[in-house]
Protein chains: 2
Amino acid sequence: MPTGQGDRAPRATRQRQAVAQLLSRLHDFRSAQEIHAALRRSGESIGLATVYRNLALMVETGDVDTLNREGGEAVYLWCSRQHHHHLVCRSCGHAIEITGPAVERWAEESAQRYGYTDITHTLEVFGLCPDCSAAESDRR
Amino acid sequence: MPTGQGDRAPRATRQRQAVAQLLSRLHDFRSAQEIHAALRRSGESIGLATVYRNLALMVETGDVDTLNREGGEAVYLWCSRQHHHHLVCRSCGHAIEITGPAVERWAEESAQRYGYTDITHTLEVFGLCPDCSAAESDRR
DNA sequence: CGTGGTAATGAGAATCATTCTAATCATGGT
DNA sequence: ACCATGATTAGAATGATTCTCATTACCACG
């Protein structure tokens, strides 16, 4: 083995860039199928499997966050690298990054109290964003 | 219509009781399929669809909590009626109820800061329980 | 600038959890 | 006990996601 550099950089394919670009412009959680449809609509030639593969990669690298919509469908959102949580609109999917140092500490302490190790946690806050709140009360 | 009793009490069928009884004895998150298999193994005659239907009912009434395993499979756990979260073993599924008043407050405040209304949140802490931690370090 | 090695792609098949369907059964008010 | 009606069942249907593998297209090197 010539250089000790084991892992080569992932290739910059047209499709991968298209997915990344679309996601990085969005501020809303979107499903793989929605992303696929949007790219097709905008003229991109890309397969559904490729969308799934690239989303999985981006989740691994930490560029994208994922969570499950009620119904079990996974949705994806471009996000910052640092640890954070999301405030998500239940109606339109709009998401805002939020952090809570106190929560992190509490989770860690609670787990240790019971002897649990290798601790992680998931935390999402759902609600209606200002726009959807307004629309909601109009309807009534 | 004889009595004015609008909402009928759900019938106490053998299958429904079997699901409830199994769950109430367990302290671990289990999937519908696992529950179905366990009941069959113990001699119960019950269909998979019935397990799903009854689990859904119990989730509605608040007797059972549900969350998604990585992979998207839903798992279920008998739980107390009051608001709480779970400390879940990533390996064996064992769960402990935990509460964090500070977290509730933080979630509420964060959401209000951005004008979000009708707020809910999900929070789960994952780790390896003491037993699984031990087994893990043995393996290495 | 060509070329080779190889990761990436894509169409469709396969998988897996979950839900629906149509037929059958059993609960419980009378 | 009777029997309308809600509950159950096996299997088919659904829908999201993953796999297969032949083909394509990055890109480091010459």
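Sequence lines set the chain letters: A, B, ... in the order given, protein chains first and strands last, and positions in each chain run from 1.
Nearest to the side chain of A12(A), among dA10(D), dC27(D), dT8(D), sits dC27(D). Of the candidates dT8(D), dT18(C), dA10(D), the closest approach to any side-chain atom of A49(B) belongs to dA10(D). Minimum atom distance to the side chain of A74(B) is reached by dT18(C), of the listed dT17(D), dC19(D), dT18(C).
Mapped onto DNA chain C by nearest heavy atom, T13(B) and A32(B) fall at different nucleotides, with A32(B) at the one closer to the 5' end. In this structure, V75(B) and R40(A) both approach DNA chain C, and ranking their closest nucleotides by distance from the 5' end singles out R40(A).
For the pair E73(B) CD and dT17(D) P, the interatomic distance rounds to 15 Å; values are reported in whole Å. If you take CD1 of I46(B) and C1' of dA26(C), they are 15 Å apart, rounded to a whole angstrom. Straight-line distance from the CD atom of E34(B) to the C1' atom of dC16(C): 14 Å, rounded to whole Å. We find that NE2 of H36(A) is positioned 13 Å from P of dA16(D), with the value rounded to whole Å. Separating the CZ atom of R69(A) from the P atom of dA16(D) is a distance of 10 Å, rounded to the nearest angstrom. Computed from coordinates, the Q15(A) CD to dT24(D) P distance equals 13 Å when rounded to whole Å. As a whole-Å value, the separation of Y52(A) OH from dA11(C) C1' is 15 Å. Per the geometry, CD belonging to Q17(A) stands 10 Å off P belonging to dT9(C), to the nearest Å.
Residue R53(A) is classed as a base contact, given a heavy-atom separation below 4.0 Å to a base. Contact annotation for S45(B): backbone-only contact, meaning every heavy-atom pair under 4.0 Å involves sugar-phosphate atoms and none involves a base. Here L48(B) lies in heavy-atom contact (under 4.0 Å) with a base.
Side-chain contact between C129(A) and C92(A) is present, with at least one heavy-atom pair separated by less than 4.5 Å. Residues Y52(A) and Q33(A) have side chains in contact (heavy-atom distance under 4.5 Å, counting atoms from C-beta outward). Taking the side chain as every heavy atom from C-beta outward, E104(B) and E108(B) never approach each other to under 4.5 Å.
A donor-acceptor contact under 3.5 Å is formed by the side chain of R11(A) with the base of dT6(C).
For T120(B) and R90(A), the side-chain atoms include at least one donor-acceptor pair closer than 3.5 Å.
Between E44(B) and R14(B) there is a salt bridge, with a side-chain nitrogen of the basic residue lying less than 4.0 Å from a carboxylate oxygen of the acidic one.
A close approach under 4.0 Å does not occur between any side-chain nitrogen or oxygen of N68(B) and OP1 or OP2 of dA17(C).
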